[in-house]
Amino acid sequence: MECRVSASAASPLAALAPGSLAGYWRFQRAVARAQLVAWLPAGSRLLVDISGPYASASAQAADRGHTVIRVLAAAEPHRARPARAGRGAVVPVLADPASLAFLADGCADGVIAEDGALSRQLMTEDLAAEIARVLRPGGQLLACVDSLVLGMAMLAEQRRWAHLTDLVHAEVVLIPWPDGTITRCFGVSQLTELLTEAGLEVSWVRPRTVLSPSMVDHVLRRDPSAITRLVRAELAACQDRADGLLPAESFGISLLAAARKPPWLP
């Protein structure tokens, strides 16, 4: 999603401003790739990717031997990616990412919903139910959503003080963007509740990144080769978050969640 945002360097919105913090975005993409690798199931599986046209998860999963159904809306840019010998494949499908009606019950070993895919669907409960439907018992979900931190920053930037005051009482948080789009933001408890009510077991909910965008950008401007060390530090910090060593509420502009469909009981 592209938008024009004016924000101070201290604001979470600074990372979204055009041309700003280029080093941080390179770091964020590297972290996302590492998090996907850690999540991907072993062996060759059938995965469904509803992340949209700009995420690289499909190609990355195919490179590791998986077959990926990449769901793209008709209006979204897309291109086929030829399979490599001995590797997996990406199968582009033009369909409504919000319904997945073309997929059979229990057909997928995993669903990837990166790049705020759940946040772009305002009736997120319906999409979560569809994800649970197409997953086989034991199938897994990896999802990234816009966080309440981002939503609060956007409302403050737009001086929507009344909306910001009511935010703590809102069950559903919808955020208007300067380009006219509306997205849905989540806190840790809201995202956990959404996935649980869809019938999924939540394994963990973490920030996508906890390191400061301005700090990461500053370090990479001085030493571009430091990105590997920064990614390792980020993954260690996320593990501390999962182990309860960091506060439970979200950091940063995105939350990442892993969940699975419960296996059949004997």
Side-chain angles (χ1 to χ4, degrees), residues 1 28-29 31-41 45-58 60-61 66 68-73 76 95-100 103 107-136 138-151 172-175 183-210 235 238 241-242 248-262:
M1 176 177 57
Q28 195 258 17
R29 289 191 294 270
V31 169
R33 289 193 294 270
Q35 290 167 332
L36 179 65
V37 167
W39 172 85
L40 283 171
R45 305 286 182 152
L46 177 64
L47 307 178
V48 178
D49 182 8
I50 60 172
S51 305
Y54 304 110
S56 61
S58 288
Q60 191 176 351
H66 300 288
V68 186
I69 299 174
R70 188 179 190 189
V71 184
L72 296 166
E76 293 176 337
D96 181 2
S99 74
L100 304 181
L103 291 171
C107 66
D109 297 299
V111 173
I112 304 170
E114 274 279 12
D115 202 27
L118 294 180
S119 287
R120 293 195 299 271
Q121 302 295 333
L122 303 189
M123 295 301 295
T124 320
E125 290 81 1
D126 293 346
L127 179 54
E130 279 290 276
I131 290 171
R133 179 185 65 79
V134 303
L135 283 173
R136 65 165 178 79
Q140 301 178 63
L141 165 69
L142 183 70
C144 180
V145 300
D146 294 349
S147 74
L148 282 182
V149 172
L150 175 61
V172 176
V173 179
L174 302 180
I175 303 299
T183 60
R184 185 167 169 180
C185 294
F186 296 86
V188 172
S189 60
Q190 291 171 322
L191 182 54
T192 300
E193 181 179 358
L194 170 78
L195 299 177
T196 300
E197 289 187 352
L200 301 175
E201 295 177 344
V202 177
S203 303
W204 46 258
V205 179
R206 305 171 184 168
R208 164 120 284 169
T209 61
V210 298
L235 296 179
C238 284
R241 163 70 177 80
E249 198 41 70
S250 61
F251 290 79
I253 61 177
S254 301
L255 290 178
L256 189 68
R260 71 166 189 161
K261 186 172 182 176

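As the structure is a computational prediction, the values presented were derived from the model and not from experiment. The first residue in the sequence is number 1, and the count goes up from there.
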* Structure fact -> Note: Arg70 and Tyr54 closest approach over all heavy atoms is NH2-N, 4.1 Å
* Asked: For the atom pair SG (Cys144) and CD (Gln35), what is the distance rounded to the nearest 0.5 Å?
  -> 8.0 Å
* Asked: So how far is it from Gln60 CD to Glu114 CD, rounded to the nearest 0.5 Å?
  -> 9.0 Å
* side chain to side chain contact (heavy atoms under 4.5 Å, CB included) between Ile69 and Leu103, intermediate numbers included -> CA-CA 10 Å; Ile69 299 174; Leu103 291 171; 4.0 Å; yes
* Would Ile131 and Ile50 satisfy side chain to side chain contact (heavy atoms under 4.5 Å, CB included), going step by step from the backbone distance to the final call? -> CA-CA 10 Å; Ile131 290 171; Ile50 60 172; 4.0 Å; yes
* **Heavy-atom pair with the smallest gap, counting every atom of Pro262 and Leu200** => CD-CA, 4.4 Å
* About how many Å separate CD of Glu201 and OG1 of Thr192, when rounded to the nearest 0.5 Å? -> 13.0 Å
* **Criterion side chain to side chain contact (heavy atoms under 4.5 Å, CB included) on Leu148 and Gln190, from CA distance to verdict** => CA-CA 10 Å; Leu148 282 182; Gln190 291 171 322; 3.7 Å; yes
* **Verdict with supporting geometry, Gln140 and Asp109, side chain to side chain contact (heavy atoms under 4.5 Å, CB included)** => CA-CA 6 Å; Gln140 301 178 63; Asp109 297 299; over 6 Å; no
* Is a donor on one side and an acceptor on the other found under 3.5 Å between the side chain of Arg29 and the backbone of Ser56? -> no
* Heavy-atom closest pair, residues Pro97 and Val71 -> CA-CG1, 3.9 Å
* Look only at the side chain of Lys261 and the backbone of Gly139, and say whether a donor-acceptor pair between them is shorter than 3.5 Å. => no
* Taking the side chain as every heavy atom from C-beta outward, state whether Val145 and Leu194 have any atom pair closer than 4.5 Å. => no
* To do: Locate the shortest heavy-atom distance separating Ala132 from Ala198; write the atom from each residue and the value.
  => CB-O, 3.3 Å
* **Least distance between heavy atoms, Pro41 atom then Leu47 atom** => CG-CD2, 4.2 Å
* Asked: Side chains of Asp115 and Arg120: does their closest heavy-atom pair fall under 4.5 Å?
  -> yes
* To do: Supply the atom-to-atom distance Leu122 CG to Thr124 OG1, rounded to the nearest 0.5 angstrom.
  => 6.5 Å
* Any salt bridge between Asp146 and Arg184, counting N to O under 4.0 Å? -> no
* Structure fact -> dist Ser147:OG -> Leu256:CG (nearest 0.5 Å) comes out at 12.0 Å
* Over all atoms of both residues, closest heavy-atom pair of Val68 and Ser58 -> CG1-OG, 3.5 Å
* Structure fact -> One should read off an interatomic distance between Leu255 CG and Arg208 CZ, to the nearest 0.5 angstrom, of 10.5 Å
* To do: Could I get the full list of side-chain contact (heavy atoms from CB on, under 4.5 Å) partners for Asp96, not counting sequence neighbours?
  => Ala98, Ser99
